[in-house]
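Please read the structure below before turning to the comments.
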Amino acid sequence: MSLTDHFGRTPAAFQAVANLFGLLGASEDPVAFVRHARDGDIEAAFDTIDRPNEELHREVTAMREFSLEAGTDAPEPTDEERELMSS
């Protein structure tokens with residue numbers, strides 16, 4: 001199964017990624033947003049976005065829900081798919 005076949009069946013995964021890109025686009029410094037998020041400092045990442053915390057919380061909650069749905073719907077990736085995704 002190709003990655004397209006694998007993830008094409010889970011629109012929730014694409015929605016979660018679209019939401020992430022929305023947050024990146026809203027950030028005044030997307031590079032800092034990604035760096036803080038990778039370091040686990042979500043508060044610092046969100047400090048780069050000029051939006052109310054309640055709005056950010058709703059967006060992140062939606063991303064989490066979409067991710068959980070995608071994880072439930074998607075079959076477990078093969079070793080080959082995992083290697084491709086980690087490249």
Side-chain angles (χ1 to χ4, degrees):
M1 176 186 305
S2 72
L3 284 177
T4 302
D5 293 336
H6 181 81
F7 290 109
R9 294 183 297 153
T10 56
F14 288 111
Q15 186 60 50
V17 171
N19 288 352
L20 174 60
F21 282 124
L23 289 174
L24 282 171
S27 175
E28 295 171 1
D29 187 349
V31 173
F33 178 91
V34 171
R35 185 177 60 249
H36 291 308
R38 288 171 97 186
D39 291 343
D41 191 351
I42 302 303
E43 189 172 326
F46 287 155
D47 283 345
T48 69
I49 301 173
D50 188 24
R51 287 192 190 163
N53 284 341
E54 297 82 23
E55 184 179 331
L56 292 171
H57 178 71
R58 281 192 304 273
E59 290 182 42
V60 171
T61 299
M63 286 173 57
R64 182 177 183 275
E65 290 170 359
F66 284 127
S67 298
L68 290 172
E69 182 182 328
T72 301
D73 291 345
E76 193 68 28
T78 65
D79 290 340
E80 183 179 289
E81 289 172 328
R82 288 177 205 262
E83 185 176 323
L84 181 60
M85 288 185 283
S86 68
S87 305

- Mind running side-chain contact (heavy atoms from CB on, under 4.5 Å) on Asp29 and Phe33 for me, showing each step along the way? CA-CA 6 Å; Asp29 187 349; Phe33 178 91; over 6 Å; no

- Message: Assess the residue pair Glu43 and Asp41 against the criterion (side-chain contact (heavy atoms from CB on, under 4.5 Å)); give the C-alpha distance rounded to whole Å, side-chain angles, the decisive distance to 0.1 Å, and a yes or no.
- Response: CA-CA 6 Å; Glu43 189 172 326; Asp41 191 351; 4.0 Å; yes

- Item | side-chain contact (heavy atoms from CB on, under 4.5 Å) between Leu20 and Met63, worked out | CA-CA 7 Å; Leu20 174 60; Met63 286 173 57; 3.9 Å; yes

- Item | Working for side-chain contact (heavy atoms from CB on, under 4.5 Å), residues Val60 and Arg64 | CA-CA 6 Å; Val60 171; Arg64 182 177 183 275; 5.5 Å; no

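At least one side-chain heavy atom of Arg51 sits under 4.5 Å from a side-chain heavy atom of Glu59. Side-chain contact between Glu54 and Leu56: absent, with no pair of heavy atoms (C-beta onward) separated by less than 4.5 Å. A heavy-atom distance below 4.5 Å is found between the side chains of Asp50 and Glu28. Two residues are said to be in side-chain contact when any heavy atoms from C-beta on lie closer than 4.5 Å; Glu83 and Asp79 fail this criterion.
What you find for Ala45 and Ala37 is that their closest heavy atoms are CB-N, 4.0 Å. When all heavy atoms of Ile49 and Ser27 are compared, the closest pair comes out as CG1-CA, 3.7 Å.
Side-chain heavy atoms closer than 4.5 Å link hydrophobic residues (I, L, V, M, F, W, Y) into clusters, and following such links, even through other members, never connects Val31 to Ile42.
We find the NE2-CZ distance between His57 and Phe46 to be 10.0 Å, quoted to the nearest 0.5 Å.
Within 6.0 Å of CG in Asp39 there are more than 12 heavy atoms belonging to other residues, nucleotides or ligands.
Between the side chain of Glu81 and the backbone N or O of Thr78 there is at least one donor-acceptor pair closer than 3.5 Å.
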